[in-house]
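Before any comments, here is the structure.
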Amino acid sequence: MSKRPSKPIHILQLYPRDMNIYGDTGNLLVLQRRLERYGYEPVVHSYNPGDAFPDDIDIILGGGGQDSGQNKIQDDLIAISPRLHDLADGDTPMLVICGLYQLFGHFFETHDGTRIKGIDLLDVTTYGRSERLIGNIHTHSRLFGDIVGYENHSGQTFLGTSATPLAEVILGAGNNVEDTHEGAMYRHVIGSYLHGSLLPKNPAIADYLIHHAVKKKYGEEIEKQLNDSLADQARAVAIKRPR
Ligand code: GLN
């Protein structure tokens, strides 16, 4: 019997050593499993400072981190910035959470005044404040419906005119305490403050990343409708949780 030809989808995990907190690895696991169920072969590349940047990338994932972790990776991130811009402008889907969301913007000025440079991919700017924004968060997005997760950040992020908010906050803080926006989008790049992990409870976002990756690489639509009743139940419980 001949084996079905495998259709690889390459996922690049950015800085898993320094930027990966509050379960962000769960986002990778969800993409791997869903890709398999849709009939694709997930191939994971872990990229840490100094590594060779792979040639073939279909989805990029990045997590959150302490200010010290952000400091550690900033020079390397600036070095690979042209590659990330090329991929983003070529409509490669990306999901970056919290610490890397901040550094996909212009800069993060920490609460002690240290400025950590970003790569200007998202039109957002972040200022650290003494108050940390911590707790469960519930938002609503036009594209994805309800989105739930957990946030813990000192940085407050403000959108410039060319960034679109990912969602509007229903419970919690999101980007900052002054407006109601959460996250930002540019082309198929999503930045968000939501850990938790995000994708297990919000599979619509996982499918958005997979849909765009598969369409770009193979010109195909994802076919099978997965049963997400467990994720739906988890989301329903998470929405009822107090802050
Ligand atoms: N260090 C950043 C902040 O405190 C990001 C935190 C995070 O990724 N959870 O704002």
Side-chain angles (χ1 to χ4, degrees), residues 12-28 30 46-49 60-78 84 94-139 147-160 163 165-167 169 171-185 189-202 205 238 241 243:
L12 182 76
Q13 199 191 12
L14 274 180
Y15 308 119
R17 221 162 49 203
D18 299 301
M19 301 297 292
N20 182 14
I21 52 177
Y22 308 122
D24 287 341
T25 307
N27 294 333
L28 176 65
V30 168
S46 291
Y47 178 87
N48 287 297
I60 292 188
L61 278 183
Q66 316 298 337
D67 297 4
S68 56
Q70 291 171 285
N71 250 316
K72 263 197 213 160
I73 58 106
Q74 72 166 317
D75 289 344
D76 192 90
L77 182 64
I78 301 290
L84 296 172
M94 308 188 189
L95 173 68
V96 284
I97 306 297
C98 202
L100 273 172
Y101 164 41
Q102 295 169 342
L103 297 190
F104 266 46
H106 305 303
F107 58 80
F108 170 32
E109 192 171 290
T110 66
H111 66 96
D112 65 9
T114 309
R115 198 172 268 206
I116 307 176
K117 270 200 289 190
I119 59 169
D120 304 321
L121 206 155
L122 294 168
D123 185 14
V124 305
T125 308
T126 304
Y127 296 90
R129 302 271 152 86
S130 46
E131 171 202 13
R132 287 194 79 82
L133 304 173
I134 307 179
N136 296 315
I137 168 164
H138 173 198
T139 71
I147 306 177
V148 288
Y150 170 79
E151 63 182 325
N152 185 349
H153 50 111
S154 68
Q156 297 198 24
T157 297
F158 298 88
L159 269 55
L166 168 66
V169 176
L171 174 79
N175 284 339
N176 58 63
V177 294
E178 289 166 36
D179 62 44
T180 57
H181 300 325
E182 201 299 298
M185 287 188 76
V189 179
I190 301 174
S192 170
Y193 269 111
L194 273 61
H195 302 280
S197 342
L198 179 68
L199 296 185
K201 288 195 284 300
N202 303 281
I205 303 177
R241 279 200 193 131
R243 171 80 169 151

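Note that this is a predicted model, so its numbers are computed, not measured. Below, all heavy atoms of this structure are taken into account, side chains as well, without hydrogens, waters or symmetry copies. Atoms within each ligand, like the ligands themselves, are counted from 1 in listed order.
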With no hydrogens and no angle check, is any side-chain donor or acceptor of Arg129 less than 3.5 Å from a backbone partner on Ser154? no
Could you check Gln102, Glu182, Gln156, Glu151 and say which one makes a side-chain hydrogen bond (donor to acceptor under 3.5 Å, both in side chains) with Tyr193? Gln102
Using a strict cut-off of 4.0 Å, indicate which atoms of ligand 1 neighbour a heavy atom of Cys98. 5 (C), 6 (C), 7 (C), 8 (O), 9 (N)
Distance check, rounded to the nearest 0.5 Å: His181 atom NE2 versus Asn176 atom CG? 8.0 Å
Looking only at N/O atoms, are His153 and ligand 1 under 3.5 Å apart anywhere? no
Proximity to ligand 1 by part of Ile21, non-hydrogen separation under 4.0 Å: side chain
Please state which option from Gly99, Gly65, Gly155, Gly69 has its nearest heavy atom closest to atom 6 (C) of ligand 1. Gly65
Using a 3.5 Å distance criterion without hydrogens, assess whether the side chain of Asn175 forms a donor-acceptor pair with backbone atoms of Gly183. yes
Considering the heavy atoms of Gly64, write down every atom of ligand 1 situated less than 4.0 Å from one of them. 8 (O)
Should Met19 be listed as contacting ligand 1, given a heavy-atom distance under 4.0 Å as the test? no
How close do Asp24 and Gly64 get, counting heavy atoms only, and between which atoms? OD2-N, 2.8 Å
Donor-acceptor contact present, side-chain Asn71 to main-chain Ile116, <3.5 Å: no
Check this for me - ligand 1, Gln70, N or O atoms closer than 3.5 angstrom, yes or no? yes
Could you label the plane-to-plane angle of the Tyr127 and Phe158 rings as parallel, tilted or perpendicular, counting under 30° as parallel and over 60° as perpendicular? tilted
Here the atoms of ligand 1 under 4.0 Å from any heavy atom belonging to Asp67 are 1 (N), 2 (C), 3 (C), 4 (O)
So which protein heavy atom does atom 4 (O) of ligand 1 come closest to, and at what separation? Ser154 N, 3.0 Å
With a cut-off of 4.0 Å, which atoms of ligand 1 are near a heavy atom of Arg132? 4 (O)
